[in-house]
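For reference, the structure discussed in these notes is given below.
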Amino acid sequence: MSNNVNNNEGYDPDIITLCDDDGKEYTFEVIDAIETDEARYLAMLPVYDDPKKMLDESGELVIVKVAEENGEEFFTEIEDDDEYETIADAFVDRLENFFEIDNK
């Protein structure tokens, strides 16, 4: 896992590149983070080099849990369905308020 940050005028996104078990890299922009008493979570959107791929993207959030082992942070899937739903709902509420999204 590597963490890259791009610098654009007035906009400094938090870009993370993750590798899967097969070594394939995926790039995400962290758009929000939530910390609870139990854990920290990140909401991310995929980043694409090709703008056409971004237009085809569903816009679905990728949500991961931040874990720590031996002082090293890593990202894991949220295994518990109830935990995932609770965190996903919290991110959606926060992002709807921040971006003034109207679900009509």
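We number each residue from 1, following the sequence as shown.
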(message) Between Glu83 and Thr36, is there a side-chain heavy-atom distance shorter than 4.5 Å?
(response) no

(request) Kindly check if the number of other-residue, nucleotide or ligand heavy atoms within 6.0 Å of CG (Asp20) is above 12? (result) yes

(request) Only pairs at least two apart or in different chains count here, so list each salt bridge (charged side-chain N to carboxylate O under 4.0 Å, His left out) that has a residue in residues 34-43. (result) Arg40-Glu73

(message) Any non-hydrogen side-chain atom of Phe75 less than 4.5 Å from a side-chain atom of Ile16?
(response) yes

(message) Looking at Asp82, is its backbone amide N or carbonyl O close enough to the side chain of Asp80 to form a donor-acceptor pair, meaning the two atoms are under 3.5 Å apart?
(response) yes

(request) May I ask you to decide if Ile34's main-chain N or O and Arg94's side chain share a donor-acceptor pair within less than 3.5 Å? (result) no

(request) Output all residues satisfying side-chain contact (heavy atoms from CB on, under 4.5 Å) with Ala88, sequence neighbours left out; order by chain, then residue number. (result) Ile63, Tyr84

(message) Phe28 vs Leu18, test: side-chain contact (heavy atoms from CB on, under 4.5 Å). Steps then yes/no.
(response) CA-CA 8 Å; Phe28 298 93; Leu18 303 175; 4.1 Å; yes

(request) For the pair Asn70 (side chain) and Glu72 (backbone), establish whether a donor and an acceptor sit closer than 3.5 Å, ignoring hydrogens and angles. (result) no

(message) Can you confirm whether Ile78 sits close enough to Tyr41 that some side-chain heavy atom of one is under 4.5 Å from a side-chain heavy atom of the other?
(response) yes

(request) Measure the shortest side-chain to side-chain distance between Glu79 and Lys65 over non-hydrogen atoms and say whether it is less than 4.5 angstrom. (result) no

(request) Kindly determine whether Leu61 and Ile31 satisfy side-chain contact (heavy atoms from CB on, under 4.5 Å), including the steps that lead there. (result) CA-CA 9 Å; Leu61 290 176; Ile31 59 169; 3.3 Å; yes

(request) Could you please spell out the steps behind the side-chain contact (heavy atoms from CB on, under 4.5 Å) verdict for Asp32 and Leu42? (result) CA-CA 6 Å; Asp32 199 3; Leu42 302 178; over 6 Å; no

(request) With side-chain contact (heavy atoms from CB on, under 4.5 Å) as the test, would you mind laying out the steps for Val47 and Ile15 before giving the verdict? (result) CA-CA 8 Å; Val47 173; Ile15 303 295; 4.0 Å; yes

